[in-house]
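One structure below.
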Amino acid sequence: MKQDATRPPAARSRGALVFERAAPLDLAETLDGGQAFRWRGCEDGAYVGVVARQVVRAFLKGGRLTIEGAPLAARPFWRAYFALDLDYGAIRRRLAEDPALRECLGFARGLRVLRQEFFEALVTFILTQNNNVPRVKGIVARLCATFGDPLGGDFEGEPAFAFPSPGRLAALDESDLACLRAGYRVPGILDAARQVVSGRLDETALKTLPVPEARARLLGVRGVGPKVADCVLLYGLGRFDCCPVDVWIRRALARFFPDGLPACSSGIAGIAQQYLFHYARLHGLDGR
DNA sequence: CTCCAGGCATATT
DNA sequence: AATATGCATGGA
């Protein structure tokens with residue numbers, strides 16, 4: 001509830017990006033489903049987020065997606081972020097060939113798999129280890145507020161901060177990160193940052209290498225196991241052919257689909273998995 | 001106060 | 001190669 005009349009106006013090159021034919025896309029399902037941790041829903045259905053050093057407001061109206069606050073030059077970025085280059089109608093039709101997935105599709109009409117930034121996905125999914133989404137959001141917020149660059153906008157009623165760069169985090173030690181209250185996940189954050197800075201973890205390589213090799217490299221990071229590695233491949237590297245291992249989900253869903261879970265169409269197994277995960281959460285499956 | 005969160009690292013069989 | 005246990009922290 002504070003005003004800052006001295007703050008410079010938003011950069012003049014910023015405006016509203018409008019994407020026609022964004023459907024099927026549901027912001028709540030996509031932005032608030034445990035894929036990303038830097039979006040907050042508003043009462044009017046819009047979402048405010050900090051992504052790639054941009055503080056933006058996203059909303060849907062009549063099948064059109066509007067992104068306010070982004071540089072006009074960032075249009076390709078947002079198109080990729082929301083996977084607007086993919087024909088989700090066709091993808092859903094293909095997934096619907098499997099009976100189990102067909103059931104799930106009905107409960108997530110506008111779910112999409114985001115293409116997030118690599119380093120942020122790597123760090124945030126290290127944080128998800130044995131953790132819950134609200135707390136991950138809190139840790140990420142503290143991480144950004146403490147070590148990220150101020151961006152000049154507002155987020156959650158506070159000044160907005162960028163996600164910290166690998167270089168910034170790599171120079172820290174565990175005591176510096178104690179303020180995050182991230183517990184035993186801290187060494188993983190540091191190792192991830194240092195491996196990126198050293199070049200041992202290279203985004204371009206991870207995007208072009210065969211999935212098994214990219215996965216093997218990610219597994220070399222402290223705090224990255226099979227689950228986190230595949231989440232990073234899927235959300236942070238756009239490897240939609242990669243399917244996060246999720247023992248819990250498979251066990252829980254087995255109750256609903258005794259005939260077996262879908263084989264996961266080749267090439268888009270990760271997208272299929274996302275529908276399964278959403279379905280499981282929606283139905284409050286506890287795996288009992 | 002318990003339980004547990006889309007696991008992982010490590011020590012045991 | 002499987003299987004068991006500890007783990008920091010705080011939301012519910």
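Throughout, protein chains are lettered first and strands after them, A, B, ... in sequence-line order, and every chain is numbered starting at 1.
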**OP:** Let me know the distance between CZ of A/Arg185 and P of C/dC7, rounded to the nearest Å.
**Re:** 14 Å
Subject >> Whole-Å distance separating the CD1 atom of A/Ile189 from the P atom of C/dA8 >> reply: 14 Å
Original post:
Looking across every strand, which nucleic acid part, if any, lies under 4.0 Å from A/Val224 by heavy atom: base, sugar-phosphate, or nothing?
Top reply: sugar-phosphate
Original post:
Of A/Arg222 and A/Val133, whose closest DNA chain B nucleotide lies nearer the 5' terminus?
Top reply: A/Val133
Subject >> A/Arg200 and A/Asp191 ion-paired at < 4.0 Å >> reply: no
Original post:
If every non-hydrogen atom of A/Leu86 is compared with every non-hydrogen atom of A/Arg112, which pair is closest and at what distance?
Top reply: O-NH1, 4.1 Å
**OP:** Please answer whether the main-chain N or O of A/Gly110 pairs with a side-chain N or O of A/Thr30 as donor and acceptor at a distance below 3.5 Å.
**Re:** yes
**OP:** Grab the OH-C1' distance between A/Tyr184 and B/dC4 for me, whole Å please.
**Re:** 11 Å
Original post:
B/dG7 P sits how many Å from A/Leu219 CG, rounded?
Top reply: 16 Å
Original post:
Starting at the 5' end of DNA chain B and moving along, which residue's nearest nucleotide shows up first, A/Gly223 or A/Tyr235?
Top reply: A/Tyr235
**OP:** Nearest whole angstrom, please: distance from the C1' of B/dG7 to the CG of A/Leu122.
**Re:** 15 Å
Original post:
A/Glu174 has an atom CD; how far is it from atom C1' of C/dC7, in whole Å?
Top reply: 14 Å
**OP:** Send over the distance from A/Asn130 CG to C/dT9 P, rounded to a whole Å.
**Re:** 13 Å
**OP:** For residues A/Pro24 and A/Arg109, report the shortest heavy-atom separation together with the two atoms involved.
**Re:** CB-O, 3.3 Å
Original post:
Does the C/dA8 base have a donor-acceptor partner in the side chain of A/Asn131 within less than 3.5 Å?
Top reply: no
Original post:
Would you call the rings of A/Trp39 and A/Tyr81 parallel, tilted or perpendicular, where under 30° means parallel and over 60° means perpendicular?
Top reply: tilted
Original post:
Is it true that A/Lys207 and A/Glu203 have a side-chain N and a carboxylate O under 4.0 angstrom from each other?
Top reply: yes
**OP:** Please list residues of residues 24-41 of chain A whose heavy atoms come under 4.0 Å from any atom in DNA chain B, ordered by number; otherwise none.
**Re:** none
All N/O pairs under 3.5 Å across the protein-nucleotides 10-12 of chain C interface:
{"residue": "C/dG10", "atom": "OP1", "partner": "A/Arg181", "partner atom": "NH1", "Å": "3.0"}

Original post:
Within this structure, what is the NZ-to-C1' distance between A/Lys137 and C/dT9, rounded to whole angstrom?
Top reply: 18 Å
**OP:** Please work out if A/Val186 contacts a base, only the sugar-phosphate, or nothing of the nucleic acid, heavy-atom cut-off 4.0 Å.
**Re:** nothing
Original post:
Do you know which two heavy atoms are closest between A/Cys242 and A/Arg215, and how far apart they sit?
Top reply: SG-NH2, 4.1 Å
**OP:** Identify whether the distance between the nearest side-chain nitrogen and carboxylate oxygen of A/Asp85 and A/Arg79 falls below 4.0 Å.
**Re:** no
Subject >> Closest heavy-atom pair and its distance - A/Arg135, A/Arg181 >> reply: NH1-O, 3.0 Å
